[in-house]
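Naming: A, B, ... by sequence-line order, numbering from 1 per chain.
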Amino acid sequence: MKYSKSTILTMLCIVGILSIGVASMSGFSTSDTSETTASDDSSDDPFSKVMQVLTHKRCVNCHPAGDAPRQGEDSHIHYFDVARGEDGHGLEGYTCNTCHQDENNHYSGVPGAPHWGLAPRSMAWEGKTPVEIARQMMDPKRNGGRSHKDILEHLTEDALVLWAWNPGVDAEGNAREIPPVPKEEYIVAVKEWIEGGAIIPAQ
Amino acid sequence: MKVTFTINGKPSSVEVSDGNSPLLWAIRDGLDLKGTKFGCGKAACGACTIHIDGHAIRSCSYPVKMAEGKTITTIEGLAETNHPVIQAWKEEIVPQCGYCQPGFMMATAAMLEQNPNPTDDDIDQNIINVCRCGTYYRIRKAIHKASEIQLKSSINESQ
Ligand code: FES
Ligand code: FES
């Protein structure tokens with residue numbers, strides 16, 4: 001309903017998408033995402049491994065610095081002026097669940113996982129260094145009063161977090177990129193780091 | 001598989017071979033309710049918007065299997081009750097080609113449930129469907145009108 005330049009551009013794009021969409025419906029892929037690739041980063045300590053994942057777009061897109069989610073492989077601002085809303089799950093008329101359900105949708109290319117939504121503003125990771133993210137994540141004033149145990153559970157068991165290794169395909173059937181550390185290796189690294197005292201390097 | 005739900009107040013079910021196929025297909029082709037439209041098929045335009053348990057949902061991106069036990073409303077359901085949104089859309093003669101309008105009306109009805117008296121800003125932020133004919137100006141007027149009608153009827157009911 002806005003007539004800003006960006007919205008008009010978006011609308012023009014949508015007109016394009018409308019026509020492409022009809023054609024692409026018959027050719028969608030039903031396969032899940034590509035297989036996990038091993039980490040090629042030389043920093044093999046648990047903290048570095050964890051941070052290679054947490055700074056990946058699959059995490060940061062929903063831990064944005066502002067009130068708009070990011071999306072896609074280039075982490076552009078979510079189309080259609082989608083906004084955080086009061087509780088991180090969208091606005092009154094449409095919530096995240098207007099489009100995103102509990103699982104990936106291979107017909108529409110819309111990703112999904114349980115409780116799809118944004119991390120709170122106090123947990124914005126976009127633009128932050130691994131050390132800054134770690135400090136913020138372990139600070140109960142900013143992490144919603146979570147203990148080390150709560151954080152460990154969020155990072156290793158939350159279906160929305162683990163979705164990063166099963167991100168599905170986009171509307172053209174292209175697999176979304178997964179984090180650079182395999183899931184099992186990441187889970188072990190999180191446990192080692194937190195159970196080892198969650199020590200954050202100086203810089 | 002058989003999926004059972006309530007649609008526009010009536011118990012209903014569809015038989016589908018793929019539970020992941022879009023609910024939109026079941027509504028249009030299975031139940032022959034053609035008011036809900038297919039625009040993009042990728043949750044981008046809003047033409048397929050319906051209500052599930054009172055929330056606006058884009059049915060092109062909603063697997064039919066998830067509708068089990070749910071309460072669904074489509075534009076036909078809104079028409080049957082002469083919902084304030086239907087009245088306002090007629091009064092303001094909103095549609096041009098009309099294709100996008102059921103989706104806008106469903107999105108508006110969902111917003112008015114949560115926010116009975118939206119400002120222009122609320123409308124800008126909440127109604128993010130796409131109209132290729134550019135009827136946005138009349139849609140905005142009709143949303144305000146629908147809000148008026150709805151508020152008046154709720155005052156009358158409470159008297
Ligand atoms: S057809 Fe569902 S959003 Fe366009
Ligand atoms: S009235 Fe034609 S697309 Fe909206």
Checked Ala110(B), Ala56(B), Pro118(B) vs chain A; the most non-hydrogen pairs under 4.5 Å come from Ala56(B)
Closest approach of Val110(A) and Ala43(B), non-hydrogen atoms and distance? CG2-CB, 3.5 Å
Smallest heavy-atom separation, Gln125(B) atom then Leu91(A) atom, equals O-CD1, 3.4 Å
Short question: side chain of Ser108(A), backbone of Cys60(B) - any donor-acceptor pair under 3.5 Å? no
For residues 111-121 of chain A, dump all side-chain donor-acceptor pairs below 3.5 Å to protein atoms at least two apart in sequence or in another chain.
{"unit_1": "His115(A)", "atom_1": "NE2", "unit_2": "Asp158(A)", "atom_2": "OD1", "d": "2.9"}
{"unit_1": "His115(A)", "atom_1": "NE2", "unit_2": "Asp158(A)", "atom_2": "OD2", "d": "3.3"}
{"unit_1": "Arg121(A)", "atom_1": "NE", "unit_2": "Asp67(A)", "atom_2": "OD1", "d": "2.8"}
{"unit_1": "Arg121(A)", "atom_1": "NH2", "unit_2": "Asp67(A)", "atom_2": "OD1", "d": "3.2"}
{"unit_1": "Arg121(A)", "atom_1": "NH2", "unit_2": "Asp67(A)", "atom_2": "OD2", "d": "3.3"}

Chain A contact residues among residues 62-85 of chain B, heavy-atom distance under 4.5 Å: Tyr62(B), Pro63(B), Lys65(B), Met66(B)
Approximate separation, where rounding is to 0.5 Å, of Phe80(A) CZ and Asn129(B) CG: 10.0 Å
Residue Ser21(B) versus chain A: region with a heavy atom under 4.5 Å: both
If a pair satisfies salt bridge (Lys or Arg N to Asp or Glu O under 4.0 Å) and one of its residues is in residues 98-116 of chain B, list it, with sequence neighbours excluded. none
Within the structure provided, determine whether His100(A) and Arg58(B) are in side-chain contact (heavy-atom separation under 4.5 Å). no
Does a side-chain heavy-atom distance below 4.5 Å link Gln101(A) with Ile57(B)? yes
Expected contact set for residues 141-154 of chain A against chain B at heavy-atom separation under 4.5 Å reads none
